[in-house]
Amino acid sequence: MKSFVRYIGVVDTTGDLHHVKFEPGLNIITGKSSTGKSAILEIFDYCLGSSEDTIPVGIITERAETFFVVWQFPGYFLVTARKKKSKRCFLLEQQGSDPDALLELIKQPTAFFSEKHFMQLADFIKSVGRHFSVTLGNIDEDPYFKLAGRKKAATPSVRSFSSFMLQHQNLVANKHAIFYRFDEKEKRDQAVNHFKIFMGLVDEAYFDLLKEQEVAKYELKRIEAQMPKQAQRKATAIGRYSTLLAQFKTLAGADLVEATAEQIYARPSQMLSQISGRQVRIDVLSNEIELRKEALSRKRSEALLERRQLQGALRLVLEAVGSATQFSVDMKTDRLPDSTELFEAQCPVCETHTLAPVAEANKLVDAIDWLNGELRLSTYARESFASEGRKIQEKLDLVDDRLRSILAEIKPIDEEAIRLKSSGSIDEQATKSKLLLEIAIQDQLDKPESELSAQAKRWGEEIDRLAHMLAEYGIEERLSALSESIDAKLCEFGDLFSFEDTYKPSKLRFNIETFELWYQQDDGNRVYLRSMGSGANWLYSHLALFLALHYQFAAETDCKIPPILFLDQPTQVYFPAALDDAEHFNPEDLAKRSRREDRVDEDMSAVNNMFTQLALFCDQTAKDTGVMPQIIVSDHADKLTLAEGYEFKSFVRATWRTRGFIAQGSAST
């Protein structure tokens, strides 16, 4: 047995107790309008930690001092209570299983509702959650939410239960909304996100694994972002080594070391030791300077030639863009004929008829069509030329970079020739090149290349390992199975209610990822609730969905949501509650006042069937799962004739026709 609601009550300002006692299964509170039936649901929500006091204003709120709800668990009771308009809550665990004995204690409210058992709302919600195994502290899947400036994800709490347990009077047959609190996006998202937690599909360890996986993904992404930079750094270093090696050879007439720039980069420590130990020797007979200068001059000439060719191509493109633009402007300023009217021509001399003007006019029309086509093309031509110009400019920039690099290599050679004429010291310049190479290699050693590839591999393996552990939860498969089970029950329960013929047989579907409900008309068409028409269709869609969900709440051993469902005024689609102020429930009179007198028998048949199916659902679910759901209905319907051997009065827990929840001058049910 899972928990259920045993009492909902009020302690008034004089200390008197007003309460309703409930049982597992179907419970009905019946009565006329404004007697406090809807307050039952609101009191329950208020004592479950609602941030607002939404209990209807009236005699209850005028006389109430403390509201309370008693939950019955196997072996103990849990009493939750709040004073009106208060942010502090009462919580007390009372051992035992005798509800009458507990009620006797509550009848001494001053002693029972001791101040020491009151606490702040946030602490209350956490404490209540422990009784339903809702104890997760942090479900943020992203461990960097603070760095990103985001708020911490809402912690699962019993407050999300209310979305699955409460169907208010303005919600139970609503075509625009299905779940309580879903008008606030944040609360909707919380309920949807927490659903798989409440269904027992995941635990806190699951979210810990998710966070570890997010860390691993972040590290892998960070390393992968560095890898292109490392490649660029490597290319820059090798290019620097190559330039200095060539410069030394040019000045000294011989290689500094028998190694390429790539080999130096691959073995920097070894090569630095080798280069540092080398003495600078100048081959005075070498003509390496001239050869090097000649090679660089040749490269410069080739680059200059390519640059001039690109500049010429760019100039032609810019001229083409200008011509196309001017052509379009000129043509738009000319006035072209809008229409023409042609007649058969007659020679004024011989009066011979001729079609020559028509033929010429046709040529003119063809020319105009061609011109219009050219005007349309001019825009595309300008865009095409502009794109080609950008490509040429990019190539030109690359050539300029190459020229600057060549000139940078030629400059020290020319400067050295000047120095030789003045001092003859070529040794100093060669030594300088050698030292610059040593400094460059030392810089590589001071900033060693990290083993990014190896690190990337390790983080990739970590991601795979965590993915394998997460896969063991089988979330996708279990969610899919749960979805199929809910849909099957939706169709089963939908067929039991009085839907319009258009929606028979039931093909209702529910998406547990988005919480959308619809009727699957065929493979390609969905009819959402707002388009189904008729309050009865909306009502039964709500009922079928919540019965399907609560069947799962009872069936799933690890489900944390108790199968407790409040339905407020479900018969209002047939008999508007606002019209019922008589001392007895009179469907004929209500039907007449709502202009449905010609359908009263049909309406009563649907109402009788609805309550029969609610009672049958509780018994059948208990038989299938071993857990008896609890449905608490507040309605003005009374003395119904149920099928399947059920008696309506056996489910009635209170009748408020001549009195309300709080009886004037007395303290009782």
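Sequential numbering from 1 along the given sequence is applied to the chain's residues.
Counted by atom type alone, T54 and E42 present one or more donor-acceptor pairs between their side chains at under 3.5 Å. Side chains of N537 and E500: a donor-acceptor N/O pair is present below 3.5 angstrom, by distance only. S38 and D568 are linked by a side-chain donor-acceptor pair at a separation below 3.5 angstrom, with hydrogens and angles left out of the test. Between the side chains of D635 and T30, no donor-acceptor pair of N or O atoms lies under 3.5 Å. Counting only N and O atoms by type, the side chains of N27 and E23 include no donor and acceptor under 3.5 Å apart. A donor-acceptor contact closer than 3.5 angstrom links the side chains of Q552 and S485.
Here F198 and F132 keep their ring centres 6.0 angstrom or further from each other. Taking the ring centroids of F651 and F611, they lie at or beyond the 6.0 Å cut-off. Proximity of the aromatic rings of F44 and W71 is defined here by a centroid distance below 6.0 angstrom, and this criterion is met. Between F164 and H194, the distance from one ring center to the other does not fall under 6.0 angstrom. Taking the six-membered ring wherever Trp is involved, the centroid distance between the rings of Y180 and H168 falls below 6.0 Å. Outside the 6.0 Å centre-distance limit, the rings of F68 and Y7 are not counted as a close aromatic pair.
No salt bridge links R509 with E516; every basic N to acidic carboxylate O contact stays at or beyond 4.0 Å. Here K507 does not pair with D487 in a salt bridge; the nearest charged N to carboxylate O distance is not below 4.0 Å. Between E214 and K211, none of the side-chain N atoms (NZ, or NE/NH1/NH2) sits under 4.0 Å from a carboxylate O, so this pair counts as no salt bridge. Remark: E115 engages R88 in a salt bridge, criterion side-chain N to carboxylate O under 4.0 Å. In summary, K623 and D619 do not engage in a salt bridge, as defined by a charged side-chain N under 4.0 Å from a carboxylate O. In this structure, D100 pairs ionically with K21, as a charged nitrogen and a carboxylate oxygen lie closer than 4.0 Å.
A donor-acceptor pair is defined here as one N or O able to donate and one able to accept, closer than 3.5 Å; such a pair exists between the side chain of K84 and the backbone of T61. Under a 3.5 Å cut-off, the side chain of S650 and the backbone N or O of E647 do form a donor-acceptor pair. Using a distance-only test at 3.5 Å, with no hydrogens or angles considered, a donor-acceptor pair links the side chain of N608 to the main chain of T641. In this structure a side-chain-to-backbone donor-acceptor pair under 3.5 Å is present from R478 to L201. Looking only at distances, a side-chain donor or acceptor of K37 sits under 3.5 Å from a matching main-chain atom of G31. Checked by atom type and distance alone, the side chain of D12 never pairs as donor or acceptor with a backbone atom of A64 at under 3.5 Å. Distance alone, capped at 3.5 Å, places no donor-acceptor pair between the D624 side chain and the G626 backbone. With hydrogens and angles disregarded, no donor-acceptor distance shorter than 3.5 Å links the side chain of H18 to the backbone of I60.
Using bins of under 30°, 30° to 60° and over 60° for the plane-to-plane angle, the ring pair Y76/H131 lands in the tilted bin. Note on ring orientation: taking the six-membered ring where Trp is involved, the planes of F546 and H542 are parallel (angle under 30°, cut-offs 30° and 60°).
Smallest separation of non-hydrogen atoms from A548 and I486: CB-O, 3.8 Å. Across F499 and M532, no two heavy atoms sit closer than the pair CE2-CE, 4.2 Å. In this structure, Y646 and A615 approach most closely via the heavy-atom pair OH-O, 3.7 Å. Here the closest non-hydrogen pair linking I512 and S483 is CD1-CB, 3.9 Å. For the residue pair I125 and G49, the shortest heavy atom distance occurs at CD1-O, 3.8 Å. Residue S498 comes nearest to N609 through the heavy atom pair OG-ND2, 4.1 Å, listed as atom of the first residue, atom of the second, then distance.
How far OH of Y551 is from CD of E556: 10.5 Å, rounded to the nearest 0.5 Å. Summarising the geometry, atom CZ belonging to R657 is positioned 8.0 Å from atom NZ belonging to K32; distances are rounded to the nearest 0.5 Å. In this structure, the separation between CZ on F4 and CD on Q630 is 6.5 Å, given to the nearest 0.5 Å. Considering CZ of R653 and CD1 of I28, their distance stands at 8.0 Å, rounded to 0.5 Å. Here M119 contributes atom CE and L91 contributes atom CG; the two are 4.5 Å apart, rounded to the nearest 0.5 Å. In this structure, F566 CZ and Q167 CD are separated by 12.5 Å, a value rounded to the nearest 0.5 Å.
Taking the side chain as every heavy atom from C-beta outward, Q613 and E644 never approach each other to under 4.5 Å. Residues L565 and M165 have side chains not in contact (no heavy-atom distance under 4.5 Å, counting atoms from C-beta outward). Put simply, the side chain of K83 does not reach to within 4.5 Å of the side chain of F67, judged on heavy atoms. The side-chain heavy atoms of I43 and F661, taken from C-beta on, include a pair separated by under 4.5 Å. Under the 4.5 Å side-chain criterion, counting only non-hydrogen atoms from C-beta, Q94 is in contact with L105. Between L48 and V69 the shortest side-chain heavy-atom distance does not fall below 4.5 Å. Within the 4.5 Å cutoff, side-chain heavy atoms of I40 are placed close to those of I29. Two residues are said to be in side-chain contact when any heavy atoms from C-beta on lie closer than 4.5 Å; S541 and L517 meet this criterion.
The ring-ring contact (aromatic ring centres under 6.0 Å, His included) test with H117 is passed by exactly one of F90, F112, F124: F90.
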Do V527 and W518 pass the side-chain contact (heavy atoms from CB on, under 4.5 Å) test, and can you show the C-alpha distance, the side-chain angles, and the key distance before you say yes or no?
-> CA-CA 5 Å; V527 181; W518 70 88; over 6 Å; no
Evaluate side-chain contact (heavy atoms from CB on, under 4.5 Å) for K489 paired with F510, printing each intermediate quantity in order.
-> CA-CA 11 Å; K489 286 297 179 182; F510 180 67; over 6 Å; no
Criterion side-chain contact (heavy atoms from CB on, under 4.5 Å) on M199 and K196, from CA distance to verdict = CA-CA 5 Å; M199 290 305 299; K196 59 179 177 286; 5.6 Å; no
Are C89 and T80 close enough, and set up right, to give a side-chain contact (heavy atoms from CB on, under 4.5 Å), and what steps lead you there?
-> CA-CA 7 Å; C89 305; T80 63; over 6 Å; no
Check the pair F515 / F195 against ring pair (Phe, Tyr, Trp, His ring centres under 6.0 Å), numbers first and verdict last.
-> CA-CA 10 Å; F515 276 39; F195 184 66; 5.4 Å; yes
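For E476, the CD atom sits in a loose shell: 12 or fewer heavy atoms of surrounding residues, nucleotides or ligands are nearer than 6.0 Å.
A cation-pi arrangement is present between R82 and Y46, with the terminal nitrogen or guanidinium carbon under 6.0 Å from the aromatic centre and inside a 45° cone about the axis.
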